[in-house]
Amino acid sequence: MGQPQKPIAAEQHILSLGRVLQSLREEDDVDVLIETTISYLKEQFDYRLIWIALYDRLNHILFGKGGMTPGNDTVFLRQRVVLSPGDLLEQVVIEQHPLGVADLQTEIRAAEWRKIAEQFQIKGTIILPIRYKDRCLGLVLLGSERWGYLLTGEAKARLIMVLGELGAVLCQNEMDLHYKQIKRTDEPLLELLENLRTLTNLDQRLEAAVQATHKFVSPSRTNVYWFEREGHYFWCRMSNDLVKVDCNSSSQQAPGMTVQELSDFYYALATNQIVSIGDARSSLKSHFTAKLLERLKVRSLLAAPIIWQKDLVGFLALESNERRIWTETDKNFVRAAAGLISLTAPTESMENTVKQIQEDVELTSQVAQGIYSEHDLQETLHNCAKRVLVRLGATRFLLLQYDPEQNNYQFIYQNQPHNRQPLTFTFDTLKELDGQLLQSSTQAVEIENLNEDLRLFNWRPLLLENGVRSLLVCKCTHDQIPALLIITHETHRCWTTVEKELLWIVSQQIGVIVRQWQLHNRTQQQQKVSQAFEQCLRILTQSSQGKIEVKKKHLERTALKQIASILGCPVAVLLSWSPGESWAEIIPGVIDNNQFGIFSDASIPIQTEVLIQWALATESYLTLKVNNLPPETRKWFNAPDKGQILVMALRTNADYETTGVVLLADSQERRWSEQSLSATATLISQLGWWRREKQITRLLKSTTEELQQLNWYKHRRLEEIQRITALCLSQIHDLGIPANELTQMRYELLLRQLEQTTTSMSGLLKLEQWQLHISCETMLIASLLKRSLERIENLLKQQKLWIGIHGLGQTIDEQESLKNSSLARGVPTSSSQSAMAIAGDIVKIELVIHELLVSACNRSQTGGKIDIWCRRLDASQTVDAKHFFTKVKTGHQTLLELSITYNGAIEPQLLTELHQNTHKDVLAPSNLDQPPALHLLICQNLMQELGGELNFYQLPDNRVVTRLLLPLVAHDS
């Protein structure tokens with residue numbers, strides 16, 4: 001066997017690499033590992049400067065562990081280097097990639113190493129990280145006197161393999177060391193759990209937890225702070241120094257701390273977060289960390305919340321007077337200890353909790369029973385509110401409902417102590433964010449400090465002004481008209497999860513009551529609309545006679561009141577005009593608010609009034625605010641600026657002219673429901689059709705009356721003309737050819753009479769072609785009666801009637817003395833009897849008297865008597881005709897009362913229909929549709945136009961009285 005051959009250079013590199021890797025795997029001491037690596041680098045690589053440093057991740061620092069220099073000066077090789085941004089060494093640590101520098105003496109990013117490079121004439125430099133996976137454990141710096149930093153691929157691979165193995169070993173050693181240094185938390189926690197199980201008193205359990213925690217973590221002080229919800233503050237209940245601290249004690253080591261003082265610290269604990277404040281580290285915001293440490297007079301703090309059923313009961317606090325880094329072990333132990341305390345805390349008030357649960361069940365069942373029973377809902381809410389306020393320790397119980405018409409929230413029920421006044425304001429609609437919060441919430445929304453909480457932002461001023469500092473709010477209904485239940489308190493406080501869940505259940509049950517109210521109100525609104533429709537239709541279908549204009553405005557006012565009641569408006573007026581007019585009048589329907597001022601006597605120009613033009617330009621109704629009205633409109637319509645207006649034109653058909661605009665107004669902004677607006681628009685449209693129908697009816701009625709009068713008048717005139725003409729022709733025929741002077745005179749007289757008749761016919765045809773012409777003439781009453789009696793002479797003879805005339809020529813003083821005198825046959829002819837003369841259209845008055853006498857003759861019994869009574873009347877006299885009374889009201893004018901009495905038959909229905917104040921159905925059959933009753937109605941209406949009056953009565957002795965009032969000529973005329 002021959003001698004072994006000497007290994008070539010490549011094999012030597014591999015053998016050396018194998019030996020060093022084996023050494024690194026078998027060694028545990030860090031210093032030996034570093035020396036082994038340095039020796040390998042000296043042996044295998046030609047570098048005059050070698051430096052190895054380990055990296056401290058927590059402090060971002062490099063600790064030099066040794067190396068090699070040209071002058072064997074190794075002091076600086078073990079220095080501590082603090083990494084700074086932009087430094088070459090920090091770049092390698094962060095990026096974990098090798099970095100080469102061609103000339104270290106000129107590298108400005110390595111200030112300290114540049115001086116060293118100049119000292120030892122080092123130029124080309126390579127910096128390599130010592131890493132394992134994604135963790136940087138240190139770095140190696142290799143410097144050469146040559147310029148440049150190029151390594152061959154084989155050398156670079158060997159170097160990376162060595163440093164990789166070094167990194168793996170260092171990482172394993174670090175983990176082993178960390179594992180050895182970690183405190184075992186299982187045994188202390190098991191021991192604490194056993195102690196808590198054997199102890200019966202909560203304070204003893206708190207003491208055990210505090211002592212165990214203080215022993216394990218070793219802070220300066222360990223405390224348990226308890227949370228008082230009523231006062232909204234924390235107090236130190238247990239401490240490792242004082243063991244037990246009374247809530248009311250004034251000698252506490254740590255006095256009570258309010259939630260307002262703790263702020264972010266409290267909210268972190270309430271959300272079950274552990275709070276850690278140590279050396280340059282804090283889980284809270286920096287500006288609040290300093291305040292908290294100053295408040296507790298410590299430099300480090302570790303706090304874990306004590307939570308039971310999602311409610312913060314208190315917190316376990318570890319306080320240190322020195323800056324300290326809290327390890328994960330410390331945090332885990334404190335969190336576990338606080339959790340054990342939270343499990344033992346409820347046992348202190350177990351009996352009270354059971355009793356409270358029973359009361360809660362009783363409360364919810366009582367509300368449910370009240371809803372479905374026949375008890376008064378107000379009483380149910382009252383009992384519920386009292387128990388809820390006591391149970392939750394609150395001040396006010398507020399139930400609100402959104403009013404879409406007012407666009408605000410209004411109180412529908414509230415309960416408060418006797419020494420507090422009810423709230424009388426309304427809440428504006430919620431901001432969009434608050435509305436979404438309440439709409440999406442599935443539990444009660446809690447506001448512990450209204451001064452600082454931004455929720456319900458636009459309600460805050462009113463609530464704060466009325467002493468509210470904290471509250472709970474729940475939505476009761478889930479529909480478009482939400483209802484809210486609010487529980488308030490006058491101090492900052494919070495409520496437990498159980499209390500919030502209880503309020504949520506109660507609010508949902510109360511939501512059933514609210515929905516019942518909403519259905520009831522909806523039903524009432526529908527009934528209100530139905531009643532308004534019924535009353536309006538009844539009003540609009542009523543026919544009117546007599547004083548049509550006055551009645552028409554009365555009916556329109558009544559209709560406007562009904563229309564306003566649907567929308568709940570205090571003001572409703574009608575701007576009315578007739579077709580062709582340019583000015584509108586104001587018809588006030590209802591004005592029940594003194595904030596409005598309407599100048600009802602004003603005449604409104606239709607073409608320039610914007611309110612009218614806006615309504616005419618809108619197909620349906622138009623709503624607008626009062627502050628949008630121009631100054632010209634505000635002159636006659638004065639209203640508050642925040643008021644709301646609805647206007648709608650009285651339209652009937654596109655081909656018909658509009659004759660009015662309805663204006664409805666309220667003193668505040670309104671959002672009327674579509675149902676109310678639709679009903680209002682329908683009634684306004686019906687009002688427009690009714691007005692058009694009434695205008696057409698009045699026009700047709702007036703035209704019919706005029707034509708009836710004209711027809712009757714012409715017919716009677718033609719009859720008279722025919723009679724006179726026939727009489728004249730008969731007399732001319734009897735005279736024959738005039739033979740003497742007397743006959744000639746008689747002949748000429750008859751010709752003049754025919755000429756007068758022809759002349760009167762010309763006037764009739766010319767002046768009264770389509771309407772009556774009222775003239776003014778005078779005639780003695782005696783002459784008028786004489787002419788009238790001559791016209792009915794043949795009728796009197798046929799019926800064998802005789803006529804008595806009474807009172808002609810008498811003075812007022814003589815009337816009573818002559819009332820019982822015997823009746824004279826015919827007309828007296830003395831000058832005193834013919835002194836009274838009437839004024840007016842004599843031809844028409846004569847025809848009226850003739851018609852009345854013909855009617856009396858036709859209705860009288862054969863052989864009967866007709867009495868004509870004449871009496872002078874003053875305006876102040878009262879006429880007593882047995883069982884009827886008439887007061888004459890015509891100023892100071894002197895009148896003649898002409899009464900025609902006779903025994904005859906007349907239908908009671910006819911007397912009723914002739915009465916001027918009685919309405920009749922124009923479509924139903926009537927006595928007034930045909931003569932002779934139609935002629936009497938025409939005479940009655942004609943006398944009203946002539947300034948007189950005509951009435952028909954029947955006395956208890958069955959005598960029929962036709963009473964005619966005629967104006968007399970004054971004595972000085």
Peer 1: Is Phe397 close to Leu485 at the side-chain level, that is, under 4.5 Å between some pair of heavy atoms?
Peer 2: yes

Peer 1: Between the side chain of Asn223 and the main-chain N/O of Tyr225, is any donor-acceptor distance below 3.5 Å?
Peer 2: no

Peer 1: Sequence neighbours left out, what passes side chain to side chain contact (heavy atoms under 4.5 Å, CB included) with Thr658? Give chain and number order.
Peer 2: Trp577, Leu616, Ala649, Arg651

Peer 1: To the closest 0.5 Å, what do you measure between OG1 (Thr680) and CG (Leu687)?
Peer 2: 12.0 Å

Peer 1: Which heavy atom of Tyr409 sits nearest to which heavy atom of Pro482, and what is that distance?
Peer 2: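 Shortest heavy-atom contact: OH-CG, 3.5 Å.
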
Peer 1: Is any side-chain heavy atom of Tyr402 closer than 4.5 Å to a side-chain heavy atom of Leu430?
Peer 2: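 They are not in side-chain contact.
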
Peer 1: Of all heavy-atom pairs between Pro570 and Asp666, which one has the smallest distance, and what is that distance?
Peer 2: CD-OD1, 3.5 Å

Peer 1: Only distances under 3.5 Å count here; give the side-chain donor-acceptor pairs of residues 623-632 to other protein atoms, sequence neighbours excluded, each with its distance to 0.1 Å.
Peer 2:
none

Peer 1: Apply side chain to side chain donor-acceptor pair (under 3.5 Å) to Ser676 and list each qualifying residue two or more places apart in sequence or on a separate chain.
Peer 2: Gln525, Ser673

Peer 1: Mind checking what makes side chain to side chain donor-acceptor pair (under 3.5 Å) contact with Gln595, not counting sequence neighbours?
Peer 2: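 In terms of side chain to side chain donor-acceptor pair (under 3.5 Å), with neighbours along the sequence ignored, Gln595 is linked to no residue.
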
Peer 1: Is the backbone of Val590 close enough, under 3.5 Å, to the side chain of Arg557 for a donor and an acceptor to pair up by distance?
Peer 2: no

Peer 1: Taking side chain to side chain donor-acceptor pair (under 3.5 Å) as the definition, give me every residue that meets it alongside Arg469, ordered by chain and number, with sequence neighbours left out.
Peer 2: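 Side chain to side chain donor-acceptor pair (under 3.5 Å) check on Arg469 returns nothing, list empty.
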
Peer 1: Please check: side-chain N/O of Gln508 versus main-chain N/O of Lys475, any donor-acceptor pairing under 3.5 Å?
Peer 2: yes

Peer 1: Which residue pairs pass the salt bridge (Lys or Arg N to Asp or Glu O under 4.0 Å) test with at least one member in residues 429-449, sequence neighbours excluded?
Peer 2: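 Non-adjacent pairs meeting salt bridge (Lys or Arg N to Asp or Glu O under 4.0 Å): Glu446-Lys500.
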
Peer 1: Could you walk me through whether Leu471 and Leu456 pass the side chain to side chain contact (heavy atoms under 4.5 Å, CB included) check?
Peer 2: CA-CA 11 Å; Leu471 58 89; Leu456 305 183; 4.0 Å; yes

Peer 1: Taking only residues two or more places apart in sequence, or in another chain, which ones meet Phe425 in a ring-ring contact (aromatic ring centres under 6.0 Å, His included)?
Peer 2: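 Applying ring-ring contact (aromatic ring centres under 6.0 Å, His included) to Phe425 gives Phe411, Phe427.
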
Peer 1: May I ask you to test the His492-Thr258 pair for a side-chain heavy-atom distance under 4.5 Å?
Peer 2: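 When only atoms from C-beta onward are counted, Thr258 and His492 do not touch, as no gap falls below 4.5 Å.
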
Peer 1: Going by the rule ring-ring contact (aromatic ring centres under 6.0 Å, His included), which residues pair with Tyr413 if we only count those two or more places apart in sequence or in a different chain?
Peer 2: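 ring-ring contact (aromatic ring centres under 6.0 Å, His included) check on Tyr413 returns nothing, list empty.
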
Peer 1: Using 0.5 Å steps for rounding, measure from the CH2 atom of Trp636 to the CD1 atom of Ile604.
Peer 2: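 Trp636 CH2 to Ile604 CD1: 4.5 Å, rounded to 0.5 Å.
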
Peer 1: On the 0 to 90° scale, with breaks at 30° and 60°, tag the Phe315-Phe265 ring pair as parallel, tilted or perpendicular.
Peer 2: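 Plane angle over 60°, so perpendicular.
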
Peer 1: Is there any salt bridge (Lys or Arg N to Asp or Glu O under 4.0 Å) pair reaching into residues 412-424, and which pairs are they, with sequence neighbours excluded?
Peer 2: Arg420-Glu490

Peer 1: Locate the shortest heavy-atom distance separating Pro305 from Leu312; write the atom from each residue and the value.
Peer 2: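 Minimum heavy-atom separation between Pro305 and Leu312: CB-CD1, 3.8 Å.
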
Peer 1: Rounded to the nearest 0.5 Å, what's the gap from CG on Asn415 to CG on Leu389? Could you check?
Peer 2: 5.5 Å

Peer 1: Using modelled atom types only, decide if a donor and an acceptor are shared between the side chain of His489 and the backbone of Gly393 within a distance under 3.5 Å.
Peer 2: yes

Peer 1: Do Glu609 and Thr633 meet the criterion of a side-chain donor-acceptor pair at a distance under 3.5 Å?
Peer 2: yes

Peer 1: So, Ser678 side chain and Glu674 main chain: donor-acceptor pair closer than 3.5 Å or not?
Peer 2: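 Checking the backbone N and O of Glu674 against the side chain of Ser678, no donor-acceptor pair under 3.5 Å is found.
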
Peer 1: Using the rule given for side chain to side chain contact (heavy atoms under 4.5 Å, CB included), can you reason through Leu650 versus Leu574, listing the C-alpha separation, both sets of side-chain angles and the distance that settles it, and then say yes or no?
Peer 2: CA-CA 10 Å; Leu650 295 179; Leu574 173 64; 3.6 Å; yes

Peer 1: Would the distance check show the side chain of Asn458 and the main-chain N or O of Thr429 forming a donor-acceptor pair, the cut-off being under 3.5 Å?
Peer 2: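 The answer is yes, because a donor-acceptor pair under 3.5 Å joins these two groups.
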
Peer 1: Who are the side chain to side chain contact (heavy atoms under 4.5 Å, CB included) partners of Lys331, not counting sequence neighbours?
Peer 2: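 Side chain to side chain contact (heavy atoms under 4.5 Å, CB included) list for Lys331, sorted by chain: Ile274, Ser276, Leu302, Trp326, Glu328.
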
Peer 1: Would you give the length of the straight line joining atom CD1 of Ile447 to atom CG of Asp453, rounded to the nearest 0.5 angstrom?
Peer 2: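 If we round to the nearest 0.5 Å, Ile447:CD1 and Asp453:CG are 4.5 Å apart.
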
Peer 1: State, with a plain yes or no, whether a side-chain heavy atom of Thr496 is found less than 4.5 Å away from one of Arg229.
Peer 2: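 SC-SC contact between Thr496 and Arg229 confirmed.
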
Peer 1: Could you tell me if the side chain of Cys476 sits less than 4.5 Å from the side chain of Leu399, heavy atoms only?
Peer 2: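 SC-SC contact between Leu399 and Cys476 confirmed.
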
Peer 1: Do Phe637 and Ile598 have side chains that get closer than 4.5 Å, going by heavy atoms?
Peer 2: yes

Peer 1: Can Gln562 and Leu683 be said to form a side chain to side chain contact (heavy atoms under 4.5 Å, CB included), step by step?
Peer 2: CA-CA 9 Å; Gln562 297 301 323; Leu683 288 180; 5.6 Å; no

Peer 1: For a side chain to side chain contact (heavy atoms under 4.5 Å, CB included) check, start with the C-alpha distance between Met257 and Leu296, then their side-chain angles and the critical distance, and finish with the verdict.
Peer 2: CA-CA 9 Å; Met257 298 176 291; Leu296 295 175; 3.4 Å; yes

Peer 1: Give me each pair satisfying salt bridge (Lys or Arg N to Asp or Glu O under 4.0 Å) with a member in residues 640-649, each pair once, sequence neighbours excluded.
Peer 2: Arg634-Asp641

Peer 1: Give the minimum heavy-atom separation between Leu664 and Ala572, together with the two atoms involved.
Peer 2: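 That closest heavy-atom pairing would be CD2-CB, 3.3 Å.
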
Peer 1: Between the main-chain N or O of Ala268 and the side-chain N or O of Thr271, is there a donor-acceptor pair closer than 3.5 Å?
Peer 2: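 Yes, the answer is positive, given that a donor and an acceptor are paired below the 3.5 Å cut-off.
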
Peer 1: Can you tell me if Leu519 has over 12 outside heavy atoms packed within less than 6.0 Å of its CG?
Peer 2: yes

Peer 1: Can you check whether Asp311's main-chain N or O pairs, donor with acceptor, with Gln309's side chain at less than 3.5 Å?
Peer 2: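 Here the side-chain-to-backbone pair does not exist.
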
Peer 1: Working to the nearest 0.5 angstrom, can you tell me the gap between Glu228 CD and Cys494 SG?
Peer 2: 10.0 Å

Peer 1: With a sphere of 6.0 Å drawn around CD of Gln443, does it hold more than 12 non-hydrogen atoms of other residues, nucleotides or ligands?
Peer 2: no

Peer 1: Taking all atoms of both residues into account, what is the closest heavy-atom pair of Leu450 and Val468, and its distance?
Peer 2: CD2-O, 3.6 Å

Peer 1: Side-chain contact, heavy-atom cut-off 4.5 Å: Arg460 with Leu454?
Peer 2: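 Yes, at least one pair of side-chain atoms sits under 4.5 Å.
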
Peer 1: Side chain to side chain donor-acceptor pair (under 3.5 Å) with Thr523: which residues, sequence neighbours excluded?
Peer 2: none

Peer 1: Measuring from atom CG of Leu622 to atom CG of Leu611, what distance do you get when rounded to the nearest 0.5 angstrom?
Peer 2: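 Here the interatomic distance stands at 8.0 Å.
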
Peer 1: Does the side chain of Leu560 come within less than 4.5 Å of Val573's, by heavy atoms?
Peer 2: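 The answer is no, as the side chains (C-beta and beyond) never meet within the 4.5 Å cut-off.
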
Peer 1: So which atom in Ala394 and which in Ile487 form the shortest heavy-atom distance, rounded to 0.1 Å?
Peer 2: CB-CG2, 3.0 Å

